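Report on the structure given below.
Predicted model, so just to flag it, every value in this text is computed and none were measured. Keep in mind that the numbers below use all heavy atoms, side chains included, and drop hydrogens, waters and symmetry copies.
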Amino acid sequence: MDETTRLPLLRERFFRRDRRSAQAARRFTAEALAGWALAETSRADDVLLCVSELVTNALLHGVPPGRQLRLFLRYDGRALVVEVHDSGPGVPHVVYDGDEGGRGLLLVAALSDKWGVRERELGKTVWCEFMVGDTGEGPDDDAGVRSPACRGRGPVDRLFPRPDRR
């Protein structure tokens with residue numbers, strides 16, 4: 001058998017509940033991207049921004065005092081998956097109206113190819129995926145979880161979607 005089984009490349013790190021952790025997570029991700037020869041791709045800045053948003057959300061809303069969050073990165077040669085695990089209660093949601101803050105998940109929805117939330121026995125995992133390898137075709141919008149408000153709309157509506165009003 002001449003085929004070689006290639007395992008995905010994995011990186012993970014735990015971060016304390018500390019205001020400096022978002023910057024440290026971004027630096028950790030930049031190092032992983034460089035190690036995987038992805039730092040100069042067109043998606044690198046999108047990945048770094050989404051890591052910052054997801055980690056900041058976890059720090060502000062998901063990580064209880066005395067606990068940590070886990071940042072997990074997986075690259076299989078085609079897709080890069082970012083996961084942020086925390087042990088806090090509640091499930092994050094996209095904010096449509098309100099204060100100046102609270103738009104982080106809108107950015108994640110607009111910049112990533114897929115994103116979603118998985119509840120766990122203790123806490124949750126918020127994830128996003130970026131197609132970064134040469135697949136020969138664009139991402140399939142229906143292949144994964146994408147913000148329902150973002151599917152099938154124009155660029156402005158994808159960045160600032162509004163709930164359907166009936």
Side-chain angles (χ1 to χ4, degrees), residues 6-18 21-33 36 38 43-96 98 101-133 135 138-153 158-164:
R6 186 172 174 176
L7 298 175
L9 301 170
L10 308 171
R11 296 284 309 266
E12 75 175 319
R13 182 162 295 165
F14 287 86
F15 295 93
R16 294 187 327 232
R17 185 176 188 239
D18 181 280
S21 290
Q23 181 181 7
R26 189 178 173 107
R27 192 169 40 251
F28 169 76
T29 302
E31 291 168 3
L33 293 176
W36 296 335
L38 298 174
R43 304 301 302 273
D45 288 337
D46 294 346
V47 171
L48 293 173
L49 180 57
C50 288
V51 165
S52 293
E53 292 297 335
L54 294 180
V55 169
T56 298
N57 282 350
L59 291 169
L60 292 175
H61 309 292
V63 180
R67 300 260 176 104
Q68 298 180 345
L69 67 89
R70 175 180 160 220
L71 173 61
F72 183 81
L73 307 171
R74 181 178 64 241
Y75 175 55
D76 66 5
R78 180 184 63 83
L80 173 67
V81 176
V82 173
E83 295 181 357
V84 175
H85 303 250
D86 71 60
S87 57
V91 175
H93 60 279
V94 176
V95 175
Y96 296 100
R103 302 236 186 247
L105 287 179
L106 283 175
L107 290 172
V108 172
L111 296 175
S112 66
D113 294 309
K114 301 176 194 174
W115 76 279
V117 180
R118 287 190 306 271
E119 291 186 71
R120 303 179 316 152
E121 187 173 321
L122 180 61
K124 67 209 150 282
T125 300
V126 184
W127 62 272
C128 58
E129 180 177 294
F130 300 86
M131 302 308 291
V132 293
T135 61
D140 180 5
D141 279 348
D142 295 327
V145 178
R146 185 158 180 105
S147 169
C150 292
R151 187 174 291 139
R153 300 197 182 180
R158 279 190 170 189
L159 188 55
F160 299 105
R162 301 283 180 193
D164 292 330

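The side-chain contact (heavy atoms from CB on, under 4.5 Å) check on Arg17 picks up Val63, Pro65, with sequence neighbours excluded. Qualifying side-chain hydrogen bond (donor to acceptor under 3.5 Å, both in side chains) partners for Arg11, counting only residues two or more places apart in sequence or in other chains: none. Partners of Asp45 under the side-chain hydrogen bond (donor to acceptor under 3.5 Å, both in side chains) rule, at least two apart in sequence or in another chain, do not exist in this structure. Judged as a side-chain contact (heavy atoms from CB on, under 4.5 Å), and not counting sequence neighbours, the contacts of Ala30 are Leu48.
Contact check for Trp36 versus Leu73: side-chain heavy atoms found under the 4.5 Å cut-off.
Between Ser112 and Val108, the closest heavy-atom pair is OG-O, 2.6 Å. Arg120 and Asp86 get closest at one heavy-atom pair: NH2-O, 3.0 Å.
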Open item on the list: side chain to side chain contact (heavy atoms under 4.5 Å, CB included), that's the test. Do Phe72 and Thr125 meet it? Break it down for me.
Closed with: CA-CA 10 Å; Phe72 183 81; Thr125 300; over 6 Å; no
Open item on the list: Using side chain to side chain contact (heavy atoms under 4.5 Å, CB included), reason through Cys50 and Trp115 one step at a time and then give a plain yes or no.
Closed with: CA-CA 10 Å; Cys50 288; Trp115 76 279; over 6 Å; no
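Distance CG/Asp46 to SG/Cys128: 10.0 Å, rounded to 0.5 Å. Between Leu9 atom CG and Leu80 atom CG the span is 10.0 Å, to the nearest 0.5 Å. Taken from CD in Glu31 to CZ in Arg13, the straight-line distance is 6.5 Å, to the nearest 0.5 Å. Between the CE atom of Met131 and the NZ atom of Lys114 there is a distance of 6.5 Å, given to the nearest 0.5 Å. Note: Trp127 CH2 to His85 NE2 = 12.0 Å, rounded to the nearest 0.5 Å. Rounded to the nearest 0.5 angstrom, Phe130 CZ and Arg43 CZ are separated by 6.0 Å.
Heavy atoms from other residues, nucleotides or ligands lying under 6.0 Å from CZ of Arg118 number more than 12. Under a cut-off of 6.0 angstrom, the local environment of CD in Gln23 is sparse, with at most 12 non-hydrogen atoms contributed by other residues, nucleotides or ligands.
In terms of modelled atom types and a separation under 3.5 Å, the side chain of Lys124 and the main chain of Gly88 share a donor-acceptor contact. A distance-only check finds no donor-acceptor pair linking the side chain of Arg74 to the backbone of Ala79 [under 3.5 Å].
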Which pairs would a plain distance check flag for residues 54-62, meaning a side-chain donor or acceptor within less than 3.5 Å of a matching protein atom at least two apart in sequence or in another chain?
unit_1	atom_1	unit_2	atom_2	d
Thr56	OG1	Ser52	O	2.7

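Every pair tested for salt bridge (charged side-chain N to carboxylate O under 4.0 Å, His left out) that includes a residue from residues 52-63 fails, sequence neighbours excluded, so the list is empty.
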